[in-house]
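Reading through the structure tokens given below for one structure.
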Amino acid sequence: MAPSACPVPTFRLKRSQLKVRFCTNDSQNSRGDLVGLLRRHGFDISEGEVTAPAPAASLILKERGLRPHLLIQDGVRSEFDQIDTSNPNCVVIADAGESFSYQNMNKAFRVLMELESPVLISLGKGRYYKETSGLMLDVGAYVKALEYACGIEAEVVGKPSPEYFQSALKEMGVEAHEAIMIGDDIVGDVGGAQRCGMRALQVRTGKFRPSDERHPDVKADGYVDNLAEAVDLLLQHADK
């Protein structure tokens with residue numbers, strides 16, 4: 001499930017026999033900082049229960065010997081402390097917020113264009129997300145700009161990539177058909193999970209919009225008004 005949920009329903013899930021994984025596309029904060037924030041809001045959660053794109057991307061960079069030019073927020077930079085960033089041979093892009101200036105985007109563009117085989121790795125490909133101030137443009141729009149300008153396709157580490165969900169399933173030790181994703185994003189959460197073979201519920205909170213229920217390509221397996229309702233359904237099913 002996405003970790004933007006309230007703590008009480010998640011407590012109920014963790015007390016049950018069901019396995020729970022918190023899946024996030026947050027690429028502004030390190031996993032440790034994100035867990036600390038959730039704990040301050042009442043969540044009983046450890047880093048080992050969170051699947052996040054930055055640690056996964058760091059592992060990919062190490063395995064493939066890639067040296068990234070990082071277009072990211074300072075808050076997530078610690079996830080790449082052990083990565084060589086000299087003489088970049090790829091670009092890693094995340095939700096860089098105010099750092100998405102023309103100058104910084106153009107620098108990433110130039111790095112890619114100077115490579116014989118350009119590699120663009122994106123920590124997610126979301127269209128937008130929601131904060132208390134309203135909807136915010138997400139990294140996907142900037143990824144599309146670089147893809148278009150460079151004539152390449154980004155490798156997505158995070159939702160809606162099937163590999164992202166598969167890694168979470170592997171960590172839990174369950175098969176896709178045994179799992180249900182709960183999230184508010186019709187494309188990233190619902191569509192991504194379904195392409196991996198999971199079922200998915202969309203909550204009508206957070207970034208949900210009524211038009212999601214009429215999405216031309218993605219249809220959730222069910223819609224619930226909030227996380228508590230989703231947990232009720234899961235626990236009722238588990239008791240049968």
Side-chain angles (χ1 to χ4, degrees), residues 1-27 31 34-35 38 41-53 55-56 123-130 138 156-240:
M1 73 176 63
S4 58
C6 62
V8 174
T10 54
F11 282 146
R12 294 174 58 206
L13 275 179
K14 293 186 71 173
R15 286 198 304 266
S16 73
Q17 75 272 30
L18 299 176
K19 295 181 179 180
V20 180
R21 192 82 184 173
F22 296 84
C23 299
T24 179
N25 258 15
D26 187 323
S27 58
R31 184 164 52 173
L34 176 61
V35 168
L38 290 172
H41 282 80
F43 286 84
D44 175 18
I45 186 173
S46 66
E47 286 191 37
E49 295 175 302
V50 176
T51 297
L123 306 191
K125 208 171 184 179
R127 299 168 299 163
Y128 57 87
Y129 58 95
K130 187 174 183 180
D138 205 350
V156 180
V157 182
K159 298 179 283 187
S161 167
E163 291 79 11
Y164 173 90
F165 291 100
Q166 288 165 0
S167 68
L169 292 168
K170 183 177 179 180
E171 290 164 347
M172 288 192 297
V174 300
E175 298 295 327
H177 69 273
E178 299 174 313
I180 295 179
M181 177 69 189
I182 305 169
D184 61 0
D185 188 322
I186 188 65
V187 175
D189 294 330
V190 175
Q194 289 176 335
R195 284 197 299 275
C196 187
M198 300 167 60
R199 290 169 292 172
L201 298 176
Q202 187 178 16
V203 291
R204 297 187 180 99
T205 58
K207 66 191 295 185
F208 168 82
R209 299 172 72 81
S211 59
D212 290 347
E213 297 190 36
R214 303 184 300 276
H215 194 279
D217 302 315
V218 183
K219 180 71 173 179
D221 294 284
Y223 298 90
V224 290
D225 289 333
N226 49 55
L227 179 62
E229 185 178 335
V231 170
D232 285 342
L233 287 175
L234 293 180
L235 294 180
Q236 289 171 13
H237 179 77
D239 291 337
K240 292 180 180 179

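As a basis for the values below, the full set of heavy atoms in this structure was taken, side chains included, without hydrogen atoms, waters or symmetry mates.
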Arg12 side, atom CZ; Leu235 side, atom CG - distance, nearest 0.5 Å: 5.0 Å
Which pair of heavy atoms, one from Val218 and one from Ile186, lies closest together, and at what distance? CG1-O, 3.3 Å
For the atom pair CD (Glu175) and CD (Gln166), what is the distance rounded to the nearest 0.5 Å? 10.5 Å
So, does Glu49 use its side chain to make a donor-acceptor pair with the main chain of Arg21 at under 3.5 Å? no
Can you tell me which residue among Val157, Leu169, Val156, Thr51 is in a side-chain contact (heavy atoms from CB on, under 4.5 Å) with Tyr164? Thr51
Distance col, row Met172:CE vs Leu18:CG, nearest 0.5 angstrom, shows 10.5 Å
Which pair of heavy atoms, one from Asp212 and one from Tyr223, lies closest together, and at what distance? O-OH, 3.9 Å
Any donor and acceptor pair, going by atom type alone, linking the side chain of Asp189 with main-chain N or O of Asp184 inside 3.5 Å? yes
Begin with the C-alpha distance, continue with both residues' side-chain angles, and end with the deciding distance and a verdict on side-chain contact (heavy atoms from CB on, under 4.5 Å) for His215 and Val187. CA-CA 9 Å; His215 194 279; Val187 175; 3.7 Å; yes
Least distance between heavy atoms, Glu163 atom then Ser161 atom: OE1-OG, 2.6 Å
Does any N or O in the side chain of Asp221 come within less than 3.5 Å of the main-chain N or O of Ala200, such that one atom is a donor and the other an acceptor? yes
Taken in chain and number order and not counting sequence neighbours, the residues that satisfy salt bridge (Lys or Arg N to Asp or Glu O under 4.0 Å) with Glu178 are none
I'd like to check the salt bridge (Lys or Arg N to Asp or Glu O under 4.0 Å) partners of Arg204; sequence neighbours left out, ordered by chain and number. Glu213, Asp225
Distance-only, no hydrogens or angles: does the Asn25 side chain make a donor-acceptor pair with backbone N or O of Lys159 under 3.5 Å? yes
Which atom of Ala168 lies closest to which atom of Cys23, heavy atoms considered: CB-SG, 4.0 Å
Nearest 0.5 Å, please: how far is CG in Asp217 from NZ in Lys219? 13.0 Å
Could you tell me whether Asp185 and Lys207 have a side-chain N and a carboxylate O separated by less than 4.0 Å? yes
Please report the closest heavy-atom contact between Val203 and Leu227, naming both atoms and the distance. CG1-N, 4.1 Å
Which pair of heavy atoms, one from Gly126 and one from Asp138, lies closest together, and at what distance? O-CB, 3.2 Å
Measure the OG1-NZ distance between Thr205 and Lys130 for me, rounded to the nearest 0.5 Å. 8.5 Å
Leu234 vs Ile182 side-chain heavy atoms within contact, under 4.5 Å: yes
Interatomic distance, Met198 atom CE to Phe165 atom CZ [nearest 0.5 angstrom]: 6.5 Å
